[in-house]
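Numbered from 1 within each chain, the chains take letters A, B, ... in sequence-line order.
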Protein chains: 2
Amino acid sequence: MLHDPAQLDLMFQALADPARRQMVERLSRGPASVSQLAEPLAMSLSAVVQHLAVLETSGLVSTEKLGRVRTCRIEPNALRAAEHWINERRLAWERRLDRLGDFLTDINDQT
Amino acid sequence: MLHDPAQLDLMFQALADPARRQMVERLSRGPASVSQLAEPLAMSLSAVVQHLAVLETSGLVSTEKLGRVRTCRIEPNALRAAEHWINERRLAWERRLDRLGDFLTDINDQT
DNA sequence: GCAATACTGAAGTGATCACTTAACTATTTT
DNA sequence: AAAATAGTTAAGTGATCACTTCAGTATTGC
């Protein structure tokens with residue numbers, strides 16, 4: 001479930017917007033209410049709620065409502081999934097370059 | 001330049017599409033021509049070229065044309081930038097939880 | 001109970017997206 | 001030189017995006 005392409009779509013899509021990344025950045029320093037998330041952003045509360053919905057369906061953020069306040073927090077497992085996908089691609093490429101390097105020194109040693 | 005928000009936008013945006021991620025996956029196993037990238041994808045060559053343009057302006061992929069063949073390769077530094085952003089957020093959150101844990105055991109020990 | 005607070009939801013808008021087709025250019029191959 | 005290959009470019013289309021405003025609904029403080 002960590003490698004579901006549709007899930008990755010949602011996560012990367014969610015992270016592609018600067019406002020949403022700013023919200024994630026804020027939440028990485030601790031939980032916050034919707035208004036607290038909205039405060040530094042130059043847009044309506046409504047827009048923030050919509051961004052929050054994107055973050056929530058992506059699994060990156062979870063929320064809980066108590067009284068009239070919705071508290072939002074980061075979901076580190078989801079972040080790990082995105083991180084993992086990128087890491088795998090980068091490693092595959094770097095391993096490939098290593099093997100290529102080995103191969104080149106090998107045929108050099110054969111002289 | 002690794003933390004330029006606009007650059008991160010472009011990278012995450014680029015990774016948000018399954019076709020483009022598939023192209024990056026293919027390229028992580030080694031360089032490929034445009035047609036080779038297109039082969040497993042159920043869309044026109046034209047569409048693939050457009051996806052490739054997105055990947056290239058995001059900095060994730062670089063290309064070079066020799067004769068009539070354009071060869072594409074992954075740009076691991078760009079991948080690292082995306083990885084790094086995610087990693088920082090996740091770590092910030094986890095460190096926060098650790099401190100919170102310490103605090104809770106501390107006030108527990110004070111009984 | 002009335003006002004302020006903290007959201008929530010629906011509808012609308014202009015911009016961007018992910019394609020398509022079609023016409024074209026440049027390079028090889030035969 | 002003609003045909004095949006490999007890619008490029010432009011224009012168009014329907015879908016999705018990132019907002020907006022406006023009208024609502026619970027809570028909470030006075």
Side-chain angles (χ1 to χ4, degrees), chain A residues 4-27 30-74 82, chain B residues 4-27 30-74 82:
Chain A
D4 181 21
Q7 194 65 17
L8 282 173
D9 271 25
L10 292 173
M11 271 190 303
F12 284 124
Q13 190 74 257
L15 292 174
D17 186 277
R20 284 193 297 260
R21 271 205 315 284
Q22 208 177 322
M23 291 165 75
V24 170
E25 250 168 88
R26 169 63 189 80
L27 292 176
S33 71
V34 177
S35 329
Q36 283 174 330
L37 283 180
E39 196 255 341
L41 298 171
M43 64 180 72
S44 71
L45 225 206
S46 220
V48 172
V49 171
Q50 287 167 60
H51 279 307
L52 186 57
V54 173
L55 287 170
E56 219 176 335
T57 53
S58 81
L60 286 165
V61 164
S62 69
T63 74
E64 191 190 2
K65 193 160 185 178
L66 258 166
R68 60 183 166 175
V69 176
R70 179 173 298 277
T71 304
C72 314
R73 65 193 73 247
I74 238 178
Chain B
D4 181 22
Q7 193 66 16
L8 282 173
D9 271 24
L10 292 174
M11 271 190 303
F12 284 124
Q13 190 74 257
L15 291 175
D17 186 276
R20 285 193 296 261
R21 271 206 316 283
Q22 209 177 322
M23 290 165 76
V24 170
E25 251 169 86
R26 168 64 188 78
L27 291 176
S33 70
V34 176
S35 329
Q36 283 175 329
L37 283 181
E39 196 256 340
L41 299 171
M43 64 181 71
S44 70
L45 224 206
S46 218
V48 172
V49 170
Q50 287 168 59
H51 279 307
L52 187 57
V54 172
L55 287 170
E56 219 177 333
T57 53
S58 81
L60 286 165
V61 165
S62 69
T63 73
E64 189 189 4
K65 193 161 184 177
L66 258 166
R68 60 183 166 178
V69 176
R70 179 173 297 279
T71 303
C72 314
R73 67 192 73 249
I74 238 178

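- Rounded to an integer number of Å, the gap from L52(B) CG to dT8(D) C1' is 12 Å.
- The base of dT8(D) lies outside donor-acceptor range of the side chain of S46(B), with no N or O pair under 3.5 Å.
- One atom, CD of Q13(B), and another, C1' of dC17(D), lie 10 Å apart when rounded to the nearest Å.
- Atom P of nucleotide dT16(D) and atom CG of L10(A) are separated by 13 Å, given to the nearest angstrom.
- For the pair L45(A) CG and dC22(D) P, the computed distance is 16 Å after rounding to whole Å.
- A pairwise comparison of heavy atoms in A19(B) and M43(B) identifies CB-CE, 3.7 Å as the closest pair.
- Across the protein-nucleic acid pair, R68(B) atom CZ and dT25(C) atom C1' stand 13 Å apart, rounded to whole Å.
- Taking atom CG on L66(A) and atom C1' on dA26(D), their separation rounds to 14 Å, with Å as the unit.
- For dT5(C), the base has no donor-acceptor partner in the side chain of S35(A) [N/O atoms by modelled type, under 3.5 angstrom].
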For side chain to side chain contact (heavy atoms under 4.5 Å, CB included), just list the numbers for L60(A) and L15(A), CA-CA rounded to whole Å, side-chain angles, deciding distance to a tenth of an Å, and then say yes or no. CA-CA 9 Å; L60(A) 286 165; L15(A) 292 174; 3.9 Å; yes
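- With sequence neighbours left out, the side chain to side chain donor-acceptor pair (under 3.5 Å) criterion links R70(A) to T63(A).
- The base of dC19(C) sits within donor-acceptor range of the side chain of Q50(B), with an N or O pair under 3.5 Å.
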